[in-house]
Amino acid sequence: MCRHPRRGEAGREVTRATTGSPSPRGAAVGRGIGIGLMYGLWKPRVLGAWRVPASGPVILAVNHSHNIDGPMLMGTAPRPVHFLIKKEAFVGPLDPFLRGIGQLKVDRTTADRTAITRALGVLEEGGALGIFPEGTRGEGDFASLRAGLAYFAVRSGAPIVPVAVLGSTERRGRLISALPPLRSRVDVVFGEAFAAGDRSGRRTRKALDEATVRIQARLTAHLDEARRFTGR
């Protein structure tokens, strides 16, 4: 028997089909997998998760120094997360898997309009969007931010929650040197949500540049505080 959509559901499905934004159900499945893997293989210590808004659009801005940082956030965040992930990761069996759990493929070499539209669709539908503001894996210190985070925050009006993942690069595992030691502790620290815009509604290049400066200051301050609090 064909089920009729509940009130508002049909509209959401039309929007999803139009924008190509990923299904929240997929992200929920991904969160479940992340919980099992991250807590099964390591010992995450999650601090400040209550700072993530329980509903409505939100952007989680995460430092990036190790490949497990994204999965670690997916498994420890209080809400399912749709991550913007470089297209190079969508190869072989990982392609349908990542799509199936609601993750977004992005081409970092160009202005990927498809990825931008789908990411904005996630926020328009009240979802959580995960972004590595530095654009690529590095020192994980927010020293160099790309403009993408500011664009999504200013365009959508969604608050940004800074997230610091600490301990993923301190030591190498004995069995798999590319990963942290099994059952080692990894700290995930969520900061206070904040608005990136200046409340003027401007989306000019200057406004985005100014927003990027404000965002970088807040993310850096959160990372410093998280390091002091955890001793890492």
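Along the sequence shown, the residues carry numbers beginning at 1. Only heavy atoms go into these numbers, but all of them, side chains included; no hydrogens, no water, no symmetry mates.
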Go through the steps for I131 and V62 under the test side-chain contact (heavy atoms from CB on, under 4.5 Å), then give the verdict.
CA-CA 6 Å; I131 294 181; V62 196; over 6 Å; no
Pairs flagged by ring pair (Phe, Tyr, Trp, His ring centres under 6.0 Å) wherever residues 79-103 is involved - sequence neighbours left out:
F83-F132
Out of curiosity, does V81 fall in the hydrophobic cluster containing L47 (side-chain heavy atoms, cut-off under 4.5 Å, transitive links)?
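Cluster IDs for L47 and V81 differ.
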Flag this pair as yes if the NZ/CZ of R51 is under 6.0 angstrom from the six-membered ring centre of F190 and inside a 45 degree cone about the axis; otherwise no.
no
Count the heavy atoms of every other residue, nucleotide or ligand shown that sit under 6.0 Å from CZ of R205, and state whether that count exceeds 12.
no
In terms of heavy-atom contacts, does CZ of F229 have more than 12 from other residues, nucleotides or ligands at under 6.0 Å?
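Open: at most 12 neighbouring heavy atoms sit under 6.0 Å from CZ of F229.
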Test item: side-chain donor near acceptor, D112 and T110, under 3.5 Å:
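No pair is found: no donor N or O on one side chain lies under 3.5 Å from an acceptor on the other.
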At their closest point, which heavy atom of P57 faces which heavy atom of L123, and how far apart are they?
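In this case the closest contact between P57 and L123 is CB-O, 3.2 Å.
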Measure from the side-chain N and O atoms of [X] to the backbone N and O of [Y], and report whether any donor-acceptor pair falls under 3.5 Å.
{"X": "D224", "Y": "A221", "result": "no"}
{"X": "R183", "Y": "G40", "result": "yes"}
{"X": "S184", "Y": "P181", "result": "yes"}
{"X": "D69", "Y": "S65", "result": "yes"}

Pair V213-D209, side-chain contact (heavy atoms from CB on, under 4.5 Å): steps then yes or no
CA-CA 6 Å; V213 172; D209 289 343; 5.9 Å; no
Please determine whether side-chain contact (heavy atoms from CB on, under 4.5 Å) holds for the pair I68 and L179, giving the CA-CA distance in whole Å, both sets of side-chain angles, and the decisive distance to 0.1 Å.
CA-CA 8 Å; I68 73 162; L179 296 175; 3.7 Å; yes
Could you tell me the separation between the CZ atom of R155 and the CD1 atom of I116, rounded to the nearest 0.5 Å?
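The CD1 atom of I116 is 9.0 Å from CZ of R155, to the nearest 0.5 Å.
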To the closest 0.5 Å, what do you measure between CD (Q103) and CE (M74)?
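Answer for the CD-CE pair, Q103 versus M74, is 4.0 Å.
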Show the numbers, then the answer: is there a side-chain contact (heavy atoms from CB on, under 4.5 Å) between V189 and H222?
CA-CA 9 Å; V189 188; H222 170 66; 3.8 Å; yes
Which residues pass the salt bridge (charged side-chain N to carboxylate O under 4.0 Å, His left out) test with D187, sequence neighbours left out?
R45, R185, R232
